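Input: a single structure, listed below in structure tokens.
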Amino acid sequence: MGTKTPKSPPSAPPLTKDAAEAQPSQNGNGRRLDTIPTTYDPQAVEQRIYQWWEENSYFKPRENPADPNRPAFTISMPPPNVTGALHMGHAITDTVEDILIRYHRMLGDPTLWVPGEDHAGIAMQAVVEKQLNKEGLDRHTLGREAFIERVWQWVAQYKHRIQDQQRRLGVSCDWSRERFTLDGGLSRAVREVFVRLYEEGLMYRGERIINWCPHDLSAISDLEVETEDTPGQLAYIRYPLEEPTTDRQYIMVATTRPETMLGDTAVAVNPNDDRYRELIGRSLILPIMNRRIPIIADEAVDASFGTGAVKVTPAHDPVDFEIGVRHNLERIQVVGFDARMTDEAGQFAGQDRYEARKNVLAELERQGALDHQEEYTIPLGHCERCKTVIEPLISMQWWVKTAPLATPALNAVRYGQTQIIPARFTKTYTDWMENIRDWNISRQLWWGHRIPAWYCADCGEITVAREDPTACAHCGSARIEQDPDVLDTWFSSALWPFSTLGWPDDTPDLRRFYPTSVLETGYDIIFFWVARMMMMGTHFTGVVPFQYVYLHGMVRDKLGRKESKSLGNGTDPVQVIDELGADALRFTLATSSTPGNDTKYDPQRVVGNRNFANKIWNASRFVIGQTEGIGGIPTLAALQPRSLADRWIVSRFIRLTGEVTRLLDEFQFGEAGRQVYDFFWSEYCDWYLEIAKSQLRDEAQRERTAHILRTLLDGALRLLHPFMPFVTEEVWQHLYADIPADARPASALIVASWPIAEAATTAKLRDAAAEDDFALLQEIITRIRDARKQAGVEAGRRIQVILAAGAKAPMLKKQSTLIEQLARTEPPTIERKLAAKPAQAMPLVAGSVEIYLPLAGLLDIAKEIARLDSEIAVAQQAIARSRVKLDNPNFVERAKAEVVQKERETLSAIEDTLARLETQRRELGG
RNA sequence: GGGUGGUUAGCUCAGUCGGCAGAGCGCGUCGUUCACACCGACGAGGUCACUGGUUCAAGUCCAGUACCACCCACCA
């Protein structure tokens with residue numbers, strides 16, 4: 001296998017303590033097994049191994065001397081919030097990314113995984129404010145600077161918590177390149193981007209209706225609003241005409257927010273609505289306020305909905321705001337930023353918005369203007385963070401003009417420069433991009449990147465600059481003041497793939513590792529993050545920021561609910577790791593779902609995978625113990641499989657390696673993991689290891705068998721390493737403990753080579769015949785075991801067995817000791833054809849092989865007849881099905897030749913089986 | 001209103017070129033043997049949600065229905 005050593009010599013491999021101290025015995029009978037614990041203890045291994053990896057700089061990218069121009073493999077880690085603790089969402093993210101990283105590292109790619117954290121604007125500020133409240137303080141008494149200082153203290157304190165948790169999971173990222181969205185370098189990138197967007201006219205300041213969170217006291221973007229259908233009332237209100245006629249005294253409008261009617265400045269109807277056409281241009285008297293408001297015509301009104309007339313409140317509704325712009329309507333703000341009514345609300349001033357709603361309705365009722373109310377489901381916007389009902393308000397904010405940025409980002413995906421996996425999310429992405437709306441990036445907070453815009457008190461102009469200005473760029477006045485707001489936390493996240501590599505400077509890292517290879521994250525942040533990185537990346541670097549976007553699903557609880565603090569249904573990954581080990585958790589997360597699909601977290605599965613880690617441990621313990629003294633771990637190509645079992649297992653491993661490699665390249669982690677699991681447990685352990693026991697006892701086979709055991713263990717550890725890094729590394733170090741350091745293919749499994757290159761050059765070891773023959777042998781053994789059980793043969797008793805094996809007789813004769821051993825029989829009698837059928841024998845059929853178990857005394861003839869009859873029936877059905885196909889000329893003509901051929905073979909095999917069953921049946925009489 | 005995903009064994013889920021349905025857990029029975037009881041052996045258990053279509057052949061492709069999730073959307 002490939003040879004690679006780290007630049008600096010690694011420290012001593014971290015063997016399990018007892019084992020490291022144990023001396024290999026001189027007689028070559030193996031390491032004293034009693035010195036290695038019989039149960040794998042992740043707690044004793046994981047943290048020590050992780051530290052060892054880190055000390056030896058294995059997580060840093062390493063150039064491949066043989067291939068200096070080899071493309072790098074890079075992932076930018078989605079930066080978790082510093083406020084947060086690790087949850088299952090992080091755990092699946094970290095696991096999938098670490099699998100990719102470890103796989104590519106083993107492939108020999110220069111591999112970089114950039115970690116970091118997000119400053120998490122609102123979330124972080126809220127945490128610290130809450131803390132201040134406990135101390136009887138608030139941020140305003142502290143002041144801006146002191147408050148920010150305070151937040152930095154928290155950051156320093158909590159940053160390491162999440163990192164330590166990630167270490168527990170085994171993430172092999174390059175901590176020396178760790179970044180924080182608010183650190184110096186990244187802030188410079190943010191500033192650069194802001195200024196350039198402003199200079200390019202892609203950034204503007206403007207008054208719009210924004211989503212205001214009255215709890216967090218900030219604007220939030222559309223994406224941060226969660227709409228939820230809420231039961232409520234729709235109030236129908238009559239607005240009297242200023243000059244009523246006999247047939248029309250009023251126009252009726254409907255609203256779900258009656259308190260906003262105090263700010264109405266018009267009523268709008270569709271220009272083509274015959275019912276109202278004549279009223280357009282006339283005036284209404286707004287009830288309560290007694291304000292004269294016009295009836296206007298606007299296309300935005302749907303004549304077929306409700307009364308066809310809409311009250312227009314430009315200050316409190318986005319649609320109304322647009323109508324107001326078109327018709328030059330006054331904007332009267334009646335609800336304030338604290339969700340209380342303003343002075344404009346007259347008698348309701350100072351009331352909470354919901355209190356005012358009640359009171360307005362009562363007043364309308366009193367005045368006879370309230371026609372009626374009906375039950376109505378209202379799509380209500382809530383702040384995604386604090387769940388407060390959003391109040392649409394007018395505010396002056398900074399906006400990014402997104403359409404020009406979206407086009408290249410859209411095309412990049414359309415034309416495949418960036419590929420989204422699974423592909424169905426491409427539509428989600430493109431639909432959003434095609435209908436993108438401008439992005440409100442200012443937040444009325446203190447914690448974050450302060451907006452680099454200064455307003456001049458003299459000329460009123462705005463100065464936007466890379467360096468803090470001392471004077472207005474327009475008039476030179478020194479009376480300038482910086483915008484108090486900060487940027488949306490996603491603004492800096494949008495720059496993550498390149499800002500972390502040193503942009504805007506042209507750094508070696510940026511050249512070597514950008515664009516990145518895979519962006520891996522949950523599908524829930526396609527818009528928040530992925531789309532925005534695509535826009536910023538393509539715009540500022542001229543290339544797509546990543547080649548692939550791989551999206552994983554959400555981890556849900558057993559009932560399929562999203563994890564949430566209020567439900568208390570979250571599982572702490574660190575606790576699971578403490579209990580069952582990181583490998584078990586990782587393997588579970590990697591194999592519990594398919595790409596892009598949600599997964600229900602089932603603790604039972606983690607237990608099962610903990611058991612798998614233990615299985616690896618014990619099988620390895622056995623192999624190492626049994627083969628020590630034989631020494632050496634040959635390459636795959638140097639193996640000399642001889643016995644059927646040898647040829648079978650080697651062939652299977654080579655095929656497995658190809659499959660697993662293909663699956664990982666296709667991002668099919670679950671299937672890849674399951675395949676190695678099945679190979680290791682069901683084939684390597686359950687069959688080959690058992691057979692190897694006897695081969696090892698045979699001096700003639702001992703060395704060859706030991707080599708196969710060791711080489712395939714090595715290979716399986718390599719294939720498993722990306723999934724279960726800890727147990728595999730620990731075992732691998734044990735496996736190589738008796739090999740001098742300079743004779744090892746690598747100093748550690750984490751930097752050992754992926755076995756694919758070797759598997760590719762060992763085609764000669766692919767052995768389909770061995771796989772077929774071994775399958776037959778397995779079937780024979782299983783049939784005998786089953787029959788013993790059915791007949792109630794004691795477990796320890798050896799029974800006789802006679803096989804009529806036809807063409808397979810010579811092959812099976814060579815395997816007779818395996819049958820003896822694994823099916824617990826006397827040395828079997830194996831003939832091509834039997835001269836006479838054994839009397840008083842239980843008859844069985846495995847493929848084309850007849851099996852007879854002379855079990856005089858234990859035989860229940862009636863039961864055997866019933867069993868044979870049922871097997872005959874099954875065979876006949878199968879034959880009938882097969883004949884229907886083969887008798888169908890369409891099938892024979894149209895199906896692929898190989899399928900037809902296979903069907904013919906199947907038919908003849910079943911017919912063969914049937915014939916044997918029928919013979920056996922006749923012999924039993926009845 | 002538009003879109004996406006799911007529906008396969010008691011439970012949780014695989015099934016990637018259409019070619020006779022798989023795993024883990026759970027369940028039942030048995031455990032001679034010097035890796036592992038966090039184990040081994042054997043077994044039971046399925047109308048692949050429903051309807052129609054394409055095809056020689058459908059869990060798999062197409063259309064529709066039902067139910068369950070989720071995403072997007074300025075109908076007052």
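Protein chains get the first letters and strands the later ones, always in sequence-line order, with residue 1 at the start of each. Being a predicted model, the structure only gives us computed values, none of them experimental.
- Residue A:Phe587 is classed as having no contact, given no heavy-atom separation below 4.0 Å to the nucleic acid.
- Residue contacts for A:Leu663: at a heavy-atom cut-off of 4.0 Å it reaches a base atom on one of the strands shown.
- Checking B:A41, B:C36, B:C74 against every side-chain atom of A:Val319, the shortest atom distance belongs to B:C74.
- The base-pairing partner of B:U32, taking Watson-Crick or G-U wobble contacts with both distances under 3.5 Å, does not exist among the strands shown.
- B:G46 and B:C27: their C1' atoms are spaced 16 Å apart (whole Å).
- Separation of the C1' atoms belonging to B:A21 and B:A58 is 13 Å when rounded to the nearest angstrom.
- Taking the six-membered ring for Trp and thresholds of 30 and 60 degrees, A:His372 and A:Tyr236 have nearly parallel ring planes, at less than 30 degrees apart.
- Residue A:Asp686 places its side chain closer to B:A41 than to any other of B:C36, B:A41, B:G5.
- When both distances must be under 3.5 Å, the Watson-Crick or G-U wobble mate of B:A63 is B:U51.
- Across B:A35, B:U4, B:A76, the shortest atom-to-atom separation from the side chain of A:Ala619 is found for B:A35.
- The CD-C1' distance, from A:Glu794 to B:C30, rounds to 12 Å in whole Å.
- Between B:C20, B:C70, B:U16, one nucleotide has an atom nearer to the side chain of A:Tyr523 than all others, and that is B:C70.
- Comparing the C1' positions of B:C20 and B:C39 gives an interatomic distance of 33 Å, to the nearest angstrom.
- Across the P atoms, B:G40 and B:U8 are found 29 Å apart, a figure rounded to whole Å.
- A:Lys311 comes within contact range of no nucleotide atom at all, as no heavy-atom separation falls under 4.0 Å.
- In this structure, A:Phe527 reaches the sugar-phosphate backbone alone: every heavy-atom distance under 4.0 Å involves primed, P, OP1 or OP2 atoms, never a base.
- With hydrogens and angles left out, the side chain of A:Gln675 and the base of B:A14 share no donor-acceptor pair within 3.5 Å.
- Contacts of A:Ser304 with the nucleic acid, taken as non-hydrogen atoms under 4.0 Å apart, are absent.
- Look at the P atom in both B:G15 and B:A23: the space between them is 15 Å, to the nearest Å.
- A:Arg437 has a side-chain polar atom (N or O) that falls below the 4.0 Å cut-off from OP1 or OP2 of B:C74.
- Remark: C1' of B:A73 and NZ of A:Lys427 are 14 Å apart, rounded to the nearest angstrom.
- With B:C20, B:A76, B:A23 as the choices, the nucleotide that has an atom nearest any side-chain atom of A:Thr256 turns out to be B:A76.
- At the heavy-atom level, A:Gln790 lies nowhere under 4.0 Å from the strands shown.
- Comparing the P positions of B:C34 and B:U47 gives an interatomic distance of 43 Å, to the nearest angstrom.
- At least one test fails for A:Lys615 against the ring of A:Tyr677: distance under 6.0 Å to the centre or angle within 45° of the axis.
- Nearest heavy-atom pair across A:Val267 and A:Ala309 is CG1-CB, 4.1 Å.
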Task: Step-by-step ring-ring contact (aromatic ring centres under 6.0 Å, His included) determination, A:Tyr550 to A:Phe669 - done: CA-CA 11 Å; A:Tyr550 174 83; A:Phe669 310 107; 5.3 Å; yes
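- Note on A:Thr906: a base of the nucleic acid sits closer than 4.0 angstrom, heavy atoms only.
- Taking atom C1' on both nucleotides, B:A14 is separated from B:U7 by 15 Å, rounded to a whole Å.
- Comparing B:A23, B:C36, B:G15 by their nearest atom to the side chain of A:Asp678 picks out B:A23.
- One cannot find a donor-acceptor pair under 3.5 Å joining the base of B:C42 and the side-chain atoms of A:Arg785.
- Taking 4.0 angstrom as the limit, A:Trp681 places a side-chain polar atom (N or O) nearer than this to OP1 or OP2 of B:G40.
- Looking at A:Glu374 and A:Gln233, their side chains never bring a donor and an acceptor atom within 3.5 Å of each other.
- Looking at the side chain of A:Thr594, the nearest of the listed nucleotides B:U29, B:G40, B:A14 is B:A14.
- For A:Thr39, counting side-chain heavy atoms from C-beta on, the closest listed nucleotide (B:U16, B:C13, B:C38) is B:C38.
- Straight-line distance from the CG atom of A:Asp557 to the C1' atom of B:C13: 16 Å, rounded to whole Å.
- Note on A:Arg824: a base of the nucleic acid sits closer than 4.0 angstrom, heavy atoms only.
- Considering only the side chain of A:Lys789, B:U29 comes nearest among B:C42, B:U29, B:A23.
- Closest contact between the side chain of A:Phe305 and the listed nucleotides B:C70, B:G15, B:A76 involves B:A76.
- In terms of phosphate contacts, A:Lys600 brings no side-chain nitrogen or oxygen within less than 4.0 Å of OP1 or OP2 of B:C11.
- As rounded to the nearest Å, B:A69 and B:A76 have P atoms that lie 23 Å from one another.
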